[in-house]
Amino acid sequence: MSAPRRATLAVSAGRPAHEPGNPVNAPIGASVTFHAGKDPVYLRQTGSDVLQGLEEAIGALEGGRALAFSSGMGATAAALDAVPVGAVVVAPRMCYSGTSSLLERHVADGRLVVRFVEISDTAAVVAALEAEPAPALLWVETPTNPLVGIADLPALVAAAHRVGAAVAVDSTWNSPVLLRPLEHGADLVMHSATKYLGGHSDLLMGVLVTADDARFDDLLRRRTLGGAFPGTLECFLALRGLRTLDVRMERAQANAGELARRLDADPRVEKVLYPGLPDFPGHDIVARDHDGFGAMMSFLVAGGADAAEAVCGRVRLVSHGTSLGGVESLLERRARYAVDAANGTPENLLRFSVGIEHVEDLWSDLDQALG
Ligand SMILES: *Cc1c(COP(=O)(O)O)cnc(C)c1O
């Protein structure tokens with residue numbers, strides 16, 4: 001049999017062995033402690049069957065070894081914790097607000113030096129990587145939150161490795177269906193599994209994936225001692241959600257492509273930021289490196305902040321709320337948050353996480369909401 005494709009792995013990886021009497025699904029195994037005398041001993045140290053199944057499945061999809069954390073920020077915190085005190089990190093100025101806030105805390109605490117860059121400006125990132133002293137880590141987010149900036153990952157990985165910096169990629173918007181950063185030479189992949197991997201907006205979880213055993217062991221130790229260990233029921237829900245990742249992504253992405261085209265042609269919309277539009281900056285990079293243009297976009301509503309806020313107030317099927325990557329469509333005016341406003345997010349920008357509803361129902365809701 002040939003190696004299974006990712007759509008198959010999402011369904012088949014991380015299950016108990018095909019043996020008579022074995023369960024088809026990994027048992028939840030909800031116990032924190034175990035009768036003494038042999039392993040396992042305690043949940044935070046040894047994990048559970050369902051956690052192992054989840055990590056096996058995500059590892060198979062990304063092409064590395066996965067570690068699940070209690071949230072995306074728990075995973076990011078562990079990854080940044082592994083950077084030596086005083087080291088230089090190159091990171092996107094525009095990225096997930098929790099990541100930029102955490103980086104700024106590390107700077108304020110004197111733990112890290114951060115060179116903030118525009119991640120889609122390859123020459124600027126390379127210059128920041130080549131400046132003295134040499135950085136220890138390049139943190140990439142692609143596409144970026146919420147301006148949909150696209151990183152040229154192979155070029156950035158090559159430049160980072162030339163100066164001895166490791167590369168970590170927050171690939172939350174892509175999921176392994178659309179991009180596998182390890183295949184492009186990245187050293188670490190981070191996901192907020194709260195989003196596409198879980199896919200139902202009903203759990204918090206984070207993931208780190210690496211193909212380097214020493215890095216894996218170090219991060220495992222940080223999870224055990226740092227304590228950002230995922231809950232057992234969340235692992236069960238995340239693994240159940242992961243089984244449909246490929247079909248969810250297929251539908252959501254098809255919806256997003258169609259809605260992006262309609263919004264782009266609509267005079268009530270100033271601009272659509274979606275990599276699938278042929279004239280979008282970064283379109284060619286996404287076409288080259290990703291297996292699809294994804295289900296996330298941002299669009300600028302004509303008429304400014306008030307007009308954009310009014311759309312949020314009028315949507316009926318689409319929910320007005322934060323987060324992304326669930327089966328349900330979500331829309332949000334990001335500049336209402338101080339961090340995003342300070343980062344220069346346009347006041348009339350709506351971030352739109354397209355779900356798996358019928359595209360015509362989504363369009364009729366947007367059409368009435370645009371007024
Ligand atoms: C949500 C999100 C995070 C943080 O994940 P949590 O699970 O909320 O802690 C990090 N990066 C991106 C791109 C996100 O969307």
Side-chain angles (χ1 to χ4, degrees), residues 54 58 62 66-81 89 91-106 119-120 137 139-151 153 168-179 181 186 188-209 223 226-231 233-235 237-238 241-242 245 249 252 256 273 275 290 294-298 319 321-326 328-332 334 337 339-340 343 345 349-355:
L54 175 68
I58 296 174
E62 286 285 1
L67 276 172
F69 289 77
S70 53
S71 69
M73 287 309 297
T76 299
L80 292 180
D81 215 43
V89 174
R93 184 177 55 82
M94 285 294 244
C95 68
Y96 177 70
S97 57
T99 308
S100 43
S101 299
L102 181 59
L103 284 166
E104 270 156 19
R105 276 256 55 83
H106 281 311
I119 207 75
S120 59
L137 177 72
W139 186 272
V140 176
E141 183 176 299
T142 189
T144 58
N145 240 301
L147 282 185
V148 199
I150 306 296
L153 197 53
V169 180
D170 180 340
S171 197
T172 298
W173 278 30
N174 307 306
S175 89
V177 172
L178 301 183
L179 182 72
L188 189 65
V189 182
M190 177 265 161
H191 283 285
S192 168
T194 311
K195 317 295 169 51
Y196 285 107
L197 299 183
H200 295 74
S201 306
D202 55 6
L203 64 96
L204 275 173
M205 193 177 292
V207 180
L208 295 176
V209 194
R223 181 180 72 178
F229 195 87
L233 290 176
E234 277 79 359
C235 291
L237 285 171
L242 190 70
L245 173 65
M249 199 47 113
L273 310 176
H290 299 223
M296 289 298 300
M297 73 179 80
S298 291
S319 297
T322 197
S323 199
L324 59 104
E328 76 294 346
S329 294
L330 284 168
L331 187 108
E332 182 180 39
R334 289 298 303 183
Y337 299 106
V339 190
D340 284 58
N343 277 350
T345 300
L349 177 145
L350 297 182
R351 189 183 70 185
F352 186 20
S353 169
V354 181

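Whatever order the structure lists ligands and atoms in, that order sets their numbers, starting from 1.
- Heavy-atom minimum distance, Glu332 versus Gly321: CB-O, 3.5 Å.
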May I have the list of side-chain donor-acceptor pairs in residues 73-81 shorter than 3.5 Å, sequence neighbours left out?
residue	atom	partner	partner atom	Å
Thr76	OG1	Gly72	O	3.2

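- Rounding to the nearest 0.5 Å places CG of Leu330 at 5.5 Å from OG of Ser319.
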Verdict with reasoning, Thr345 to Asn343, per side chain to side chain donor-acceptor pair (under 3.5 Å): CA-CA 6 Å; Thr345 300; Asn343 277 350; 5.8 Å; no
Asn145 and Arg351: CA distance, side-chain angles, deciding distance, side chain to side chain donor-acceptor pair (under 3.5 Å) verdict: CA-CA 9 Å; Asn145 240 301; Arg351 189 183 70 185; 2.6 Å; yes
Check ligand 1 for close polar pairs with the protein: N or O on both sides, less than 3.5 Å.
residue	atom	partner	partner atom	Å
ligand 1	5 (O)	Ser192	OG	3.0
ligand 1	7 (O)	Gly72	N	2.9
ligand 1	7 (O)	Ser192	OG	2.8
ligand 1	7 (O)	Thr194	OG1	2.6
ligand 1	9 (O)	Gly72	N	3.0
ligand 1	9 (O)	Met73	N	2.8
ligand 1	11 (N)	Asp170	OD2	2.7
ligand 1	15 (O)	Lys195	NZ	2.7

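- With hydrogens and angles ignored, the 3.5 Å screen pairs a side-chain donor or acceptor of Ser298 with a backbone N or O of Pro146.
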